[in-house]
Amino acid sequence: MNMIAPKRRRLVLVGNGMAGIRTIEEILRRAPHAFDIAVFGAEPHGNYDRIMLSPVLAGERQFADIVTHDRAWYAQNGIELIAGEPVVGIDRDARTVTGALGTTRPYDLLLIATGSTPVIIPVPGHRLPGVIAFRDIADVEAMVNAARTGRTNAVVIGGGLLGLEAANGLARNGMKTTVLHLMPTLMERQLDPVSAKMLKADLEARGLTVITEANTKAIHGTDRVTSVELADGTILPADLVVMAVGIRPATQLAKDAGLTCNRGIVVDDGMRTSDPAIHAVGECVEHRGTLFGLVAPLWDQAKVAADRMTGVADTDYVPAVSGTRLKVTGIDMFSAGDFTGDDTCEDIVYRDAAKGVHKKLVLRGDVPIGAVLYGEAQDAGWYFDLIRNATDIAAFRDLLIFGPAAAGVNQGSGVEALPDTAEICGCNGVSKGRILTAIHEHKLSSVDEVRARTKASASCGSCTCHVESLLTLALGSAYDATPKIKPVCACTALGHDAVRAEIVARALKSIPETMRSLGWSNPDGCATCRPALNFYLLCAWPGEYRDDARSRFVNERMHANIQKDGTYSVVPRMWGGVTTSAELRAIADVVDKHNIPTVKVTGGQRIDLLGVRKEQLPAVWRDLNAAGMVSGHAYGKALRTVKTCVGSEWCRFGTQDSTAMGVALEKMTWGSWTPHKTKMAVSGCPRNCAEVTIKDFGAIATESGWDLHVGGNGGITVRVTDLLCKVTTEEEVLEYAAAFMQLYREEARYLERTAPWVERVGIDYVRSRIVADPGARRLLRDRFIESQRHAQRDPWADRAAGVEAHEFRPLATVE
Amino acid sequence: MKTSIDLAWKSVGTIDDIPRLGSRTVTTAGDDIAVFRLADDRIFAVYDRCPHKAGKLSQGIVHGDSVTCPLHNWVIGLTDGKAKSPDEGCARTVPVRVDGRIIMLGVS
Ligand code: SRM
Ligand SMILES: Cc1cc2nc3c(=O)[nH]c(=O)nc-3n(C[C@H](O)[C@H](O)[C@H](O)COP(=O)(O)OP(=O)(O)OC[C@H]3O[C@@H](n4cnc5c(N)ncnc54)[C@H](O)[C@@H]3O)c2cc1C
Ligand code: SF4
Ligand code: FES
């Protein structure tokens, strides 16, 4: 039998964002093999959870945590991802789309999901550097970087959801932040005036300044923003201005292609545009005159578009009420539906000023149509269900405002009583039935596993308690709610990532302050957490943090390796493994003068002097310093050696000067403290005599440049490097090396070498930060160089000159 | 009351000579003595030999009233010299008296 596979239809998605990728997932679920799929995205990443940018800005999450689809996902699903290239034209006659770099792809079906663009008010000065929006990860990086580089004053224009989350994040990064809002009360589209005032007071208590009825007249500055001027003449100093005044559907591309557009791209109930071959979903569309700005409706649109595009069903999109929460940790609020009402409505209000609680429900007859909950929102899910299902509440109207428990409707958090169709996770549109099925089918036993399988609670996290209840319901006492994050040590319940995030967010600058602020159970910690905290603080506050010698392991405190008999070894740096007769002579003299028992060539291309007594160390170092040699950090969680081969200078196969490249790398990176030890190597040709492929970072010369390798390890568990990318010049090798070092320093956990770290976060993630995004790479490089300015001091020279002299001398001698 | 009769109190320096959460050694004819200063300025002394493989306790990280040995991470209680469970063993303690800020060790 001769079967010819049916030709696959070609599907192109423009807009690699939340709505577009959700639609692709829905399509794959319905018809996994129907299409050849290509995705164009203007941003140089896979897909991430945009709504979680706020917690990333606030330092509560890292970018890696919010990536929902890494490059591996596209590859596994056979999807071509063209990231970093916006589409600039759609040719509807030829049925092709073309990107800004000229990439062209034909389509049978096209899906547009270009999202929206932030509105920038065209006041004078709006184009100055330092004036940004809050829409993507690049904006978050710009904000974090402004705070890190010592800019002090931030002004956020717009007191809606986005503006307040931006302001909170900036304040958590240590900036003095002012929010300007045009209207008399904050978040007027989600909050009634009473709760808005409570919110304002809560934000002010966190150190934010809020100015309402503030009309921005101009932004001042010459080569960068310096201040903001209001209509009443007030001048506010500003090093950074974030505009969060609204969004506008991104319709330009569709307009240029001649599709019917109004405020958004007009779609029918089947999410189809005026061209039957083109569907559109997300914030770029307009459906029956309505625009969208929250994710929940987009998930419904994705299902409808997928049904229609695969042809499995002719479903229609029916708008539903959506609810909102402000993602500011510690502020509990929820708002849904119509919370103002009209003449035909009645309010039920509950207020407890002392506890800072305000709840307002709007009813039409006996049916709730809207709610605002401030200060206590744990019953939000229940109210939201009543509103969405237009439930008649006559039977418990008197007790409605006190929540489901008081109203005697159902107990606990209420999920037990919900039908299987009830939506548990609004962000990701996951029903109770789907969660329970996943728990049973895949034997899930933790919130993280449910998250990974179903995405429930993976976005804003506010339904986590419901997911926990469902786990309890499904597994009974077998479910153990204690989180599976591994704490740093027995002194705390927090994991490494959380501790690092808090150090930055709360601007913690010393070990005791960190322990106090984060509730350490042992007042001076233990031998596990103290070195970790010391490193995290050192990395977060270069030049400012005072290294705590008492929290260093002995080798790092003594700047030498302790040996089994209590003596020490001394390994001077030998740049790139190159030495001279003068250096060798000096080493020989030091050995003779101090009677050092053993001299050995190490596996790292340098010389180890073993068996030096503690009291001898400063004198040995002084003599080595005098001959121009400095500490080799053979003892540290630090840059160790840069191993090289002879390269093009001598070797008949060498294509580049690997020795000089290695020396340049070592000169740039020596002295840096890292989560675990870091080793580098440079080989002059692919024969790779310097063993680059088992180093943390390395370069292998080729005819045309350098292959950069990362994440290798010899040692206990051998791991071969991943190829990071190819570059051409030595400057690029240095730039990528510095960026890699800094990413590792900032994001790996203490005592995690690059190999397990790269395994954990994925090489795609590392590439997304270092290769795909030149701006991000340079920011990392700059931070590394800044930190090196403070780190490159020879610790031996300091100690030979008397620093920490008590370490090397006995307190006293008694007979 | 053997110890108190045989002991000679030797002054070895002041509290300020030792960093908080740090330690200094006192050289004797036999093993060195490690003198520790805790966060609350209490002073303890033990012979500078880990009960495990003679690691120099003076070089360890001090926390609470314990020190973690630099060689293989045994945790030794400074009040009694005992290794914390699951390890077993005991470092030899040395009696300490503090007079004002002067540290005195009771050596035999
Ligand atoms: C001196 C040296 C052996 C030698 O005589 O050649 C050495 C000596 C020690 N190595 Fe090593 N390693 C030495 C090269 C290596 C290499 C080879 C290399 O760097 O090319 C490796 C495998 C490559 C790698 O790291 O991926 C190596 C893998 C280890 C490991 C396992 C690391 C791992 O990630 O699996 C440890 C244990 C650790 O770090 O926790 C270790 C730990 C040690 C320690 C620090 C053990 C200790 O804690 O006391 C030894 C200190 C001896 C001393 O006092 O100087 N040493 N060690 C080498 C010093 C190189 C230098 O110039 O700085
Ligand atoms: C900071 C922040 C917090 C938020 N918080 C919440 C919240 O708590 N709850 C909630 O429900 N919603 C929240 N939202 C809104 C939510 O993120 C959006 O509703 C959602 O991301 C919209 O999805 P989308 O796919 O339509 O657009 P996007 O996710 O923006 O995706 C569109 C993608 O298309 C790309 N693109 C645009 N033009 C082109 C082109 N020509 N070629 C190729 N690619 C193109 C864009 O670069 C973008 O990556 C928040 C948004 C932000 C910015
Ligand atoms: S392999 Fe490394 S750690 Fe093991 S004994 Fe040799 S030097 Fe020490
Ligand atoms: S010698 Fe102290 S733990 Fe091994």
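Naming: A, B, ... by sequence-line order, numbering from 1 per chain.
Contact annotation for Pro512(A): neither backbone nor side-chain heavy atoms come within less than 4.5 Å of a heavy atom of chain B.
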So Leu71(B) and Ile562(A), side chain to side chain contact (heavy atoms under 4.5 Å, CB included) or not? Walk me through it.
CA-CA 8 Å; Leu71(B) 290 200; Ile562(A) 196 167; 3.8 Å; yes

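Note: Cys526(A) leads Gly566(A), Pro531(A), Cys526(A) in heavy-atom pairs under 4.5 Å with chain B. Per-residue heavy-atom pair counts under 4.5 Å with chain A were compared for Val26(B), Thr68(B), Ile103(B), and the maximum is reached by Val26(B).
Residue Arg793(A) qualifies as open at atom CZ: its count of foreign heavy atoms under 6.0 Å is 12 or below. Remark: Arg719(A) CZ is packed, more than 12 non-hydrogen atoms of other residues, nucleotides or ligands lying under 6.0 Å away. For CD of Glu88(B), the number of neighbouring non-hydrogen atoms (other residues, nucleotides, ligands) closer than 6.0 Å is 12 at most.
Contact annotation: the side chain of Pro70(B) never approaches that of Asn555(A) to less than 4.5 Å [non-hydrogen atoms, C-beta and beyond]. Val814(A) places none of its side-chain heavy atoms less than 4.5 Å from the side chain of Leu105(B). Using a 4.5 Å cut-off on side-chain heavy atoms (C-beta onward), Thr813(A) and Thr28(B) make no contact.
For Arg557(A) (side chain) and Gln59(B) (main-chain N/O), a donor-acceptor pair under 3.5 Å exists by modelled atom type. The closest donor-acceptor contact from the side chain of Arg809(A) to the backbone of Arg24(B) lies at 3.5 Å or more, if one exists at all.
By the ring pair (Phe, Tyr, Trp, His ring centres under 6.0 Å) test, His63(B) is found to be paired with no residue, residues two or more places apart in sequence or in another chain being considered.
Of residues 15-22 of chain B, those residues lying under 4.5 Å from chain A by any heavy-atom pair are Asp17(B), Ile18(B), Pro19(B), Arg20(B), Leu21(B), Gly22(B). At a heavy-atom separation below 4.5 angstrom, chain B is approached by His806(A) within residues 798-808 of chain A. Identified by a heavy-atom distance below 4.5 Å to chain A, the contributing residues of residues 32-58 of chain B are Val35(B), Ala39(B), Lys56(B), in residue-number order.
Here the straight-line distance linking atom OG1 of Thr528(A) with atom CG of Asn73(B) works out to 7.0 Å at 0.5 Å rounding.
When all heavy atoms are compared, the tightest approach of Arg530(A) to Val62(B) is NH1-O, 2.8 Å.
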